[in-house]
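Worksheet: one structure, shown below.
Computed from a prediction, not measured in an experiment: that's the story for all the values here. Quick note on labels: first sequence line is chain A, next is B, and so on, each numbered from 1.
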Amino acid sequence: MNAPVTRPPRPGLLRRLAARLRTIAGLVLHFLHPARFVLAPLLIVLLLAGVLLWLTGGLAYVAPFVYTLF
Amino acid sequence: MARVLGISAHYHDAAAALVVDGEVVAAIQEERLSRIKHDPGLPLAAAFACLQHAGLRPGDLDAVAFYEEPFAKLERVLVHLLRHLPRTWRAFPRALAGQLGSKIWVLDHLSEGLGVARDRVVRFDHHRSHAASALLVSPYERAAVLVVDGVGEAHATTIWDGRGYDLRLLASVDFPHSLGLLYAGLTAYLGFTVNEGEYKVMGLAAWGQPRLREQFARIVRLTGDGAYELDLACFAHMSDADLGFGPALERLLGPRRPPGRPWDFEREDDRHYADVAATLQAVLEDILLALARKARALTGADHLCLAGGVALNALANARLQAEAGFARVFVQPAAGDAGGALGAALLAARERGDPRPAPLRTAALGLPVDADRARDVAGELGLPVRRVDEPAAAVARLVAAGKIVAHARGRFEWGPRALGQRSLLACPRDPATRERMNRLIKEREPFRPFAPAVLSERTGDFFAAGPDDMTPFMTTTARVRDDARERLGAVTHRDGTARLQTVEAARAPELHAVLTELAALGHDPVVLNTSLNGAGEPIVAGAEDALAFWLRHGVDALVVEDLLIERSP
Ligand SMILES: [Fe+2]
């Protein structure tokens, strides 16, 4: 059997922040599509909530139908 | 030529699959390593295990492919939460917390957890990943592909035209209409755990009669063009993550069954619940048949590939094989969401110019079991372990003597079925074996069948259908021949069928050797084959798991590669 693969160290805060900003940019672009324009205002509220959740470490909740909704 | 790791995660059965130069090298469900059944978490252990098996480091990967579009999923969640206000206001915070707390950042988490540059992490549509996981490892150049699950981003059912490496979407049924969620809602109504109890519903169906078609006609109906729709008043999956069905369903079918109550078919209400399961199964099969016929009409293809959680319904698959008009039908062993990891990896490999993989020969895509480690640990525990020169012959003798043997040899399986690498093996003849298996290990409901594994070339001696593209992976059923019923008393279901596995040397060499030895000893080359796990546990993966299983459960013998431990009488 091959030797175990060493797990990478957790990237620094700046690298993680850059990755999150990239994801947020992708998200904004997704919702700026004309067909989804009506959802754009909601997105601002969502992003604020998202940043809050990210800072607080998120919520862990698993319900049976979790995959239909969440 | 590319090295691609596919990932599915965050809903149920997270998994990783590694494709190198167009070849499926390893595919592992996270639950086997984390030891959490149906573990939905980010499958980093599985991912690193795949890399370790191939001797690769994360930096060697050309791409990591996720099996879903997180933003499209968020959009669907948002649209439905808004559309169904005020019903959804209670679910709103939790739904958004789930999405924004972790799911939309999944590509970042993968990049950081694996140590792969963020721009190498790509994603594909959920149903396209499912479709690719079936078509691209199937034996068919040209096939219709039918994907049926709970829901992906928005689609719950899709029909694809598959040609070579290409998949073209032809038709879809979108959330909240969903056969997967219909089955899940009824699973919850019958008192079983959703995402876990669906097999129980399928087993229960054989104990009832499809008497409730009139009621079901109001729950779900075909729309005439080969699609279907649910009566949404009967369901709650649009607004409630805890309960899948609504009060209208109970008005139609009577009160839900209390979870955990022992089954007793002397009771009238339990017979009614069996009728509910039987009718659900019949209705599901009818709708799948209509969808498959539509797929055939749209594509003109002779072959059908199925994927998605509903494709694990072996009874329905057998009916599709017999009645949908296709010459051949294929279902990949991990047809549920775990399979999405494989599909996503194959789609990314294709984008990087790799050839289409060879047809999937075996489900043994996990890690091997470490016999040295097993011997060391068994020694430390003072277990009477010994080496045997011919493990298959030893297993065959034990099975022939009526013993229950825990069998851990080779690489563990991909998908929910044990196919001989991590199996409990026993003689298929005596129905009492079933009771013993249930008492010692499985604690299953009395209506759940055990399955047989048969030497491929002898299938016709025992079953009415020969080997096909599904039987090596146990994703279909066949009728047990009348003259073989007595010899297969422990593995014949109440309806006269069995969820058989046909065994070839190239696909499951260890189990093939056992069956060959049984034949050489003058016995039928058939064993009862059930997964090597206790109730509620994931299937055994490594040496420690196998020994822990041995210590917890009263099986007669444990075989780990060439090591044998026997219970002293
Ligand atoms: Fe799915």
Side-chain angles (χ1 to χ4, degrees), chain A, chain B residues 10-12 40 44 48 51-58 71-72 74-75 77-82 88 91 94-105 107-108 111-115 118 150-151 175-176 178 181 184 188 193-195 236-244 337 367-368 370:
Chain A
M1 224 181 288
N2 295 311
V5 183
T6 30
R7 300 225 179 176
R10 194 165 188 231
L13 184 67
L14 274 181
R15 288 232 357 233
R16 278 185 287 145
L17 203 59
R20 296 304 181 282
L21 286 174
R22 182 191 161 131
T23 297
I24 289 172
L27 190 63
V28 169
L29 279 177
H30 178 88
F31 281 94
L32 280 181
H33 188 278
R36 308 178 187 108
F37 219 73
V38 284
L39 292 169
L42 237 180
L43 197 66
I44 298 163
V45 183
L46 287 181
L47 284 176
L48 282 174
V51 169
L52 268 176
L53 280 162
W54 177 47
L55 292 174
T56 54
L59 294 184
Y61 177 78
V62 179
F65 284 83
V66 73
Y67 58 104
T68 69
L69 272 180
F70 301 4
Chain B
H10 278 337
Y11 292 90
H12 41 99
L44 294 179
F48 284 110
L51 291 172
Q52 181 186 341
H53 184 79
L56 296 177
R57 288 166 301 128
F71 300 158
L74 172 66
E75 182 189 332
V77 169
L78 275 181
V79 167
H80 278 274
L81 286 172
L82 292 174
T88 50
R94 267 179 10 192
L96 290 184
Q99 284 291 327
L100 301 176
S102 60
K103 285 171 184 150
I104 64 162
W105 314 108
L107 307 185
D108 300 331
S111 156
E112 289 157 16
L114 293 167
R118 176 64 180 76
V151 59
F175 182 87
S178 161
L181 295 175
T193 313
V194 172
N195 298 331
H237 55 254
M238 305 77 69
S239 57
D240 187 330
D242 288 306
L243 198 64
D337 270 2
L367 297 179
D370 186 342

Do A/Phe31 and B/Leu74 come within less than 4.5 Å of each other through their side chains, counting heavy atoms only?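 When only atoms from C-beta onward are counted, B/Leu74 and A/Phe31 do touch, with a gap below 4.5 Å.
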State, yes or no, whether a side-chain contact exists between A/Arg22 and B/Asp108 at a heavy-atom distance under 4.5 Å.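 The answer is no; the side chains never approach within 4.5 Å.
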Contacts of type side chain to side chain contact (heavy atoms under 4.5 Å, CB included), residue B/Arg57, not counting sequence neighbours: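 B/Arg57 satisfies side chain to side chain contact (heavy atoms under 4.5 Å, CB included) with B/Asp60 only.
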Worked check of side chain to side chain contact (heavy atoms under 4.5 Å, CB included) between A/Leu27 and B/Trp105: CA-CA 10 Å; A/Leu27 190 63; B/Trp105 314 108; over 6 Å; no
Heavy-atom proximity to chain B below 4.5 Å, by part of A/Pro11: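 When you check distances to chain B, only side chain atoms of A/Pro11 fall under 4.5 Å.
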Spacing of CD1 belonging to A/Ile24 relative to CD1 belonging to B/Ile104, to within rounding of 0.5 Å: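 CD1 of B/Ile104 is found 7.5 Å from CD1 of A/Ile24.
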Can you tell me how far CZ of B/Arg118 sits from CZ of A/Arg15, rounded to the nearest 0.5 angstrom?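 Nearest 0.5 Å value for the CZ-CZ distance: 12.0 Å.
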Which atom pair, heavy atoms only, marks the closest approach of A/Pro8 to B/Gly113?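 Taking every non-hydrogen atom into account, CG-O, 3.5 Å.
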Backbone N or O of A/Val5 within a donor-acceptor pair of the B/Gln52 side chain at under 3.5 Å?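 Side chain of B/Gln52 to backbone of A/Val5, a donor-acceptor pair under 3.5 Å: no, none is there.
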Most contacts with chain A, counted as non-hydrogen pairs under 4.5 angstrom, among B/Leu56, B/Thr193, B/Leu114, B/Leu51: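 Heavy-atom pairs under 4.5 Å are most numerous for B/Leu114.
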Which atoms of B/Leu107 approach chain A - backbone, side chain, both or neither, heavy atom under 4.5 Å: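 Interface part for B/Leu107: neither.
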